[in-house]
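So the structure is just underneath, and the comments pick up after that.
Side-chain atoms are counted along with the backbone in the values below, which use heavy atoms only and exclude waters and symmetry mates. Here is the naming used below: chain letters follow the sequence lines, and residue numbers restart at 1 for every chain.
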There are 2 protein chains.
Amino acid sequence: MSEAKTDPRILRTRKFIMDAFMELSAKKEFKDITVKDITNEAMINRATFYYHFEDIYDLLEKVLSEVLLINLDCNAYENSEINEETLISIFTAITNFQNALSNRCHRGYEETIARIIREQLEVVFYRMLVRQHEGEDKEGLQVTAVMLAWGIYGASVEWRRNVKDVTPEAYIQSAIPYLMKGLS
Amino acid sequence: MSEAKTDPRILRTRKFIMDAFMELSAKKEFKDITVKDITNEAMINRATFYYHFEDIYDLLEKVLSEVLLINLDCNAYENSEINEETLISIFTAITNFQNALSNRCHRGYEETIARIIREQLEVVFYRMLVRQHEGEDKEGLQVTAVMLAWGIYGASVEWRRNVKDVTPEAYIQSAIPYLMKGLS
DNA sequence: TTAAAAATGTTGTTTATCCAACACATATAG
DNA sequence: CTATATGTGTTGGATAAACAACATTTTTAA
């Protein structure tokens, strides 16, 4: 385990910036938030912002990934398998995350957000698959992870759009047999 | 007005340290608080502590002065005179401050705290006296400020010790005529 | 359309913070 | 007594953060 301890100043400042951004996101839309706003709120120098992030879009990506990771509680799946329980848990994490986001007014960036979610899901699924199928063809597992990520994400989109009278749990559960036992 | 803006890092770090110290003071006695405790709580490096403060006693002094200053609301007296109203206000500020302290367990440092309070009082009184008696003998005003500081402080000690059935306002008010109109 | 104002990114220099290491003092226990 | 541990205060070198200045681009208003 390579643990190159990161300088506490970095962790502190990144946290200041991210917290400031989330605070501002609750008040105004993404398109109205400037770098100056963020550095004012975070009480750091504007140049320091650019030391940590490419630009405001880079910040958006990293904040979303981080919040999503917390929602996914990645460590919890670190040592478990893909099964009915974990699939339901992940699916509800996604729907919760999206509900939380919808209050935060990131209109116009749905596609970015969607990509981030799928990327995170892909990572999580791939890890679980590799653990579950040691020694098997990595490429096949990779493609499977991609399809699972898109599938789960798509299901969450459709659930939000159409069927909110069914709980997320019930919604995804109806498809699980086909996932777990195969289409045949 | 010379306003040499201080580096925001300094303000931040000092606040972290002071907040950490006050937080710890609520939990354990002063004698059981180590520098390491403080820097852990403040999430800063131990060496950084010594960049800002001589030692833990220096920190104690500065925290108390600052808290006291806030209690005294120094600016409020900045442009006013010594009269019945301000004397009562200052006296109650002191008694409030000491009540707040007594919950914070600084046992064994009463004398240090007393000195800090008197020093602060002296500064406040001297400023008010100078404004009130422009052009008069500074030394006389200085000594008067010293006596007022000791007197007001002593009165607060005696009030705490003996007469808590009288309000601070009533207690000090009984002596104000002799202060304002003189002993004769 | 144009001029002023505000936001973005970048750069070089200075300063505050981090870190590891040190000598020294003060317990605490075997 | 002695060894082990814990706290104090200091140092030198490395690095993150502050700051001011600049050229560009984008917004805003007139």
ILVMFWY network linking V143(A) to L87(A), side-chain heavy atoms under 4.5 angstrom: no

Test of ring centre spacing under 6.0 Å for Y57(A) and F30(A): yes

How long is the line joining [atom1] of [X] and [atom2] of [N], in whole Å?
{"X": "I33(B)", "N": "dT8(D)", "atom1": "CD1", "atom2": "P", "answer": "11 Å"}
{"X": "I56(B)", "N": "dT26(C)", "atom1": "CD1", "atom2": "P", "answer": "16 Å"}
{"X": "I44(A)", "N": "dA18(D)", "atom1": "CD1", "atom2": "C1'", "answer": "10 Å"}
{"X": "R46(A)", "N": "dC19(D)", "atom1": "CZ", "atom2": "P", "answer": "13 Å"}
{"X": "N45(B)", "N": "dA16(C)", "atom1": "CG", "atom2": "P", "answer": "16 Å"}
{"X": "L59(B)", "N": "dT8(D)", "atom1": "CG", "atom2": "C1'", "answer": "15 Å"}
{"X": "R12(A)", "N": "dA16(D)", "atom1": "CZ", "atom2": "C1'", "answer": "10 Å"}
{"X": "F49(B)", "N": "dA16(C)", "atom1": "CZ", "atom2": "C1'", "answer": "16 Å"}

Side-chain donor/acceptor of D37(B) to backbone N/O of T34(B), under 3.5 Å: yes

Spatial distance of atom CE (M18(B)) from atom NE2 (H52(B)) [nearest 0.5 Å]: 10.5 Å

Nucleotide of dC19(C), dT11(C), dA16(C) approaching A47(A) most closely (side-chain heavy atoms): dT11(C)

Nucleotide nearest I10(A) (side chain, heavy atoms from C-beta), chosen from dT17(C), dA18(D), dA16(D): dA16(D)

Given DNA chain D, 5'-ward residue of the pair M43(A) and K36(B), judged by closest heavy atom: K36(B)

Whichever of P8(B) and Y51(A) has its nearest DNA chain D nucleotide further upstream toward 5': Y51(A)

Tell me whether the OP1 or OP2 atom of [N] has a side-chain N or O from [X] closer than 4.0 Å.
{"X": "H52(A)", "N": "dA17(D)", "answer": "yes"}
{"X": "Y50(A)", "N": "dG9(C)", "answer": "yes"}
{"X": "R14(A)", "N": "dA16(D)", "answer": "no"}

5'-most by nearest nucleotide on DNA chain C - R9(A) or T34(A): T34(A)

Basic-acidic side-chain contact under 4.0 Å: R118(B), E122(B): no

